[in-house]
2 protein chains.
Amino acid sequence: MHSTAEENYIKAIYKLSGGGANAVSTTALSETLETKPASVSDMLRKLSAKDLVHYVKYYGVQLTEEGKRVALKIIRKHRLWEVFLVQKLHFTWDEVHEVAEQMEHVKSELLIQRLDEFLGHPRVDPHGDPIPSEAGELRQEEQRVLSSLAVEQKGVVCRVKDSQPAFLQYLNKVGIQIGSQLQVVDKIPYDNSLEISIDKNRSVILSSDVLEKIFVINP
Amino acid sequence: MHSTAEENYIKAIYKLSGGGANAVSTTALSETLETKPASVSDMLRKLSAKDLVHYVKYYGVQLTEEGKRVALKIIRKHRLWEVFLVQKLHFTWDEVHEVAEQMEHVKSELLIQRLDEFLGHPRVDPHGDPIPSEAGELRQEEQRVLSSLAVEQKGVVCRVKDSQPAFLQYLNKVGIQIGSQLQVVDKIPYDNSLEISIDKNRSVILSSDVLEKIFVINP
DNA sequence: AAATAAATTTAGGCAAACCTAAACTTTTAT
DNA sequence: ATAAAAGTTTAGGTTTGCCTAAATTTATTT
Ligand SMILES: [Mn+2]
Ligand SMILES: [Mn+2]
Ligand SMILES: [Mn+2]
Ligand SMILES: [Mn+2]
């Protein structure tokens with residue numbers, strides 16, 4: 001298998017290239033990985049020998065198909081662990097990254113299959129980023145702002161655009177988190193607020209301010 | 001912090017020394033760690049320099065107090081992850097070890113605290129081995145065979161002495177697993193079988209054969 | 001008490017993943 | 001079109017953790 005260092009490089013290349021589209025420069029990598037450019041050159045030669053990247057000296061790297069496959073696997077693991085940490089262990093969004101950065105390197109197919117099952121096959125991580133499928137497909141699902149839903153329409157919370165503690169505490173209080181199943185119960189035209197049911201349990205009225213900060217995908 | 005290699009050595013020394021009691025030989029370590037004796041000598045010099053072990057050339061190693069503390073922390077993490085894998089992800093006893101061997105090296109105090117909480121502060125791992133407390137204390141609790149309990153007495157399943165699939169499947173069927181809360185409801189003197197309630201839910205009658213294979217600790 | 005056997009350490013190397021300093025390419029500015 | 005600046009690679013080191021082969025120490029025989 002691949003070393004932790006190799007995996008971190010692959011993932012960084014994937015992200016900096018925008019999913020494998022563009023070539024990535026040595027300095028860009030050295031910055032995100034917090035190493036020196038010389039070390040990056042070193043590693044790129046190795047990754048190239050393993051056919052994980054196309055590397056043209058002085059002009060940058062790109063992932064090969066195999067490289068992309070590896071990248072998506074690591075990203076899948078990273079994001080599943082993030083979901084676990086937030087939903088099961090009650091980590092906050094800003095606490096998860098460092099830990100997930102380590103857990104993503106644990107090697108076991110069974111583990112990640114079972115974890116996915118245990119979490120109910122989540123489609124987005126706590127930051128609203130999509131989780132690649134077991135087959136390695138990453139479909140960026142259409143995200144709509146909650147304020148745009150019509151009465152009766154449903155959505156699953158995938159992203160919140162405000163990380164101030166006060167706002168997050170408010171969401172916590174009303175019971176909204178990433179993954180919550182929402183449905184618009186009623187629309188109050190006076191101030192554009194909506195009555196929203198949460199996980200088929202309670203229901204609350206959310207102001208248009210709040211509605212603008214919550215994003216959902218189709219259920 | 002300590003590297004994965006160092007942590008594995010510390011843990012191996014702890015286990016081979018029987019909790020820090022006896023000195024451990026280079027060859028013993030090389031066997032359990034699947035490295036050559038020369039590599040062990042190398043590492044022992046390093047661990048000694050870090051004051052994690054007392055090392056007397058040609059005569060073996062022992063953990064220092066600090067070394068013992070480190071060992072118990074790793075063992076705590078290993079066993080908590082084993083509980084997670086079995087209870088939450090439905091791994092079997094024999095599937096957990098390799099994965100826990102990796103997860104035990106993830107660094108995060110918060111993670112392990114929250115995991116412990118999430119699992120309900122378990123006291124034994126799926127093999128019946130005790131889980132060191134957060135303070136680093138390992139109390140081997142008195143294990144009694146289920147057949148020895150009197151009517152009304154309670155116990156928590158901590159170990160099962162038969163790993164044949166047929167037996168494990170039987171336990172699975174009646175709903176007994178490590179951590180199950182049992183209470184003796186009635187005693188049938190005719191064949192020494194017992195009626196046992198499981199997790200305050202259902203109750204079953206277990207034959208004396210089965211009772212001899214299940215061990216419990218005090219609730 | 002030697003001699004032999006077994007266990008252990010030391011010496012010298014290697015690969016991974018990093019580093020600094022120097023050399024080389026490519027880009028930008030004059 | 002050259003020169004300077006910026007980016008990148010190469011050369012030569014370091015540390016970690018492993019290896020083999022040789023030397024050394026301890027244990028066991030005779
Ligand atoms: Mn990582
Ligand atoms: Mn994320
Ligand atoms: Mn381990
Ligand atoms: Mn165990």
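These figures come from a predicted structure and were not determined experimentally. So that the names make sense, note that chain A is the first sequence line, chain B the second, and so on, each numbered from 1.
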- Message: Based on the rotation axes of five pairs at each end, what angle does the helix from dA1(C)-dT30(D) to dT30(C)-dA1(D) bend through, to 10°?
- Response: 10°

- Query: Hey, does Gln140(B) have a side-chain heavy atom less than 4.5 Å from the side chain of Pro130(B)?
  - Reply: yes

- Any residue of residues 34-41 of chain B with a heavy atom less than 4.0 Å from an atom of DNA chain D: Thr35(B), Lys36(B), Ala38(B), Ser39(B)

- Item | Val210(B), Leu211(B), Asp209(B), Leu206(B) screened by side chain to side chain contact (heavy atoms under 4.5 Å, CB included) with Ser147(B), the one that passes | Leu211(B)

- Task: Keeping to residues at least two apart or across chains, list the side-chain hydrogen bond (donor to acceptor under 3.5 Å, both in side chains) pairs with something in residues 166-183 of chain B.
- Result: none

- Item | Side-chain heavy atoms of Glu65(B) within contact of Lys68(B), under 4.5 Å | yes

- Item | Thr64(A) side chain to Leu52(A) backbone, donor-acceptor under 3.5 Å | yes

- Item | SB check Arg114(A) Glu109(A) (cutoff 4.0 Å) | no

- Message: Strictly by side-chain hydrogen bond (donor to acceptor under 3.5 Å, both in side chains), give each pair with a member in residues 45-61 of chain B just once, sequence neighbours left out.
- Response: Glu6(B)-Lys50(B), Asp42(B)-Arg45(B)

- Message: Using a strict heavy-atom distance below 4.0 Å, which residues from residues 42-63 of chain A are in contact with DNA chain D?
- Response: Tyr55(A), Lys57(A), Tyr58(A)

- Message: Between P on dG17(D) and NE2 on His2(B), what's the gap in Å once rounded to a whole number?
- Response: 11 Å

- Message: Looking only at the aromatic ring of each residue, does the gap between the centers of Tyr9(A) and Tyr14(A) stay below 6.0 angstrom?
- Response: no

- Taking it one step at a time, do Glu95(A) and Thr92(A) satisfy side chain to side chain donor-acceptor pair (under 3.5 Å)? CA-CA 5 Å; Glu95(A) 290 170 331; Thr92(A) 58; 3.2 Å; yes

- Is it true that the side chains of Glu117(B) and His121(B) contain a donor and an acceptor less than 3.5 Å apart? no

- Pick out which of Lys77(B), Lys73(B), Arg79(B), Lys11(B) makes a side chain to side chain donor-acceptor pair (under 3.5 Å) with Glu104(B). Lys11(B)

- Nucleic acid contacts - residues 4-26 of chain A versus DNA chain D, non-hydrogen atoms under 4.0 Å: Ser25(A), Thr26(A)

- Protein-nucleotide distance (His105(B), atom NE2; dG17(D), atom P), rounded to Å: 12 Å

- Criterion side chain to side chain donor-acceptor pair (under 3.5 Å) on His105(B) and Asn8(B), from CA distance to verdict: CA-CA 9 Å; His105(B) 303 292; Asn8(B) 285 334; 3.0 Å; yes

- Message: I need the Arg123(B) CZ to Asp129(B) CG distance, nearest 0.5 Å.
- Response: 14.5 Å

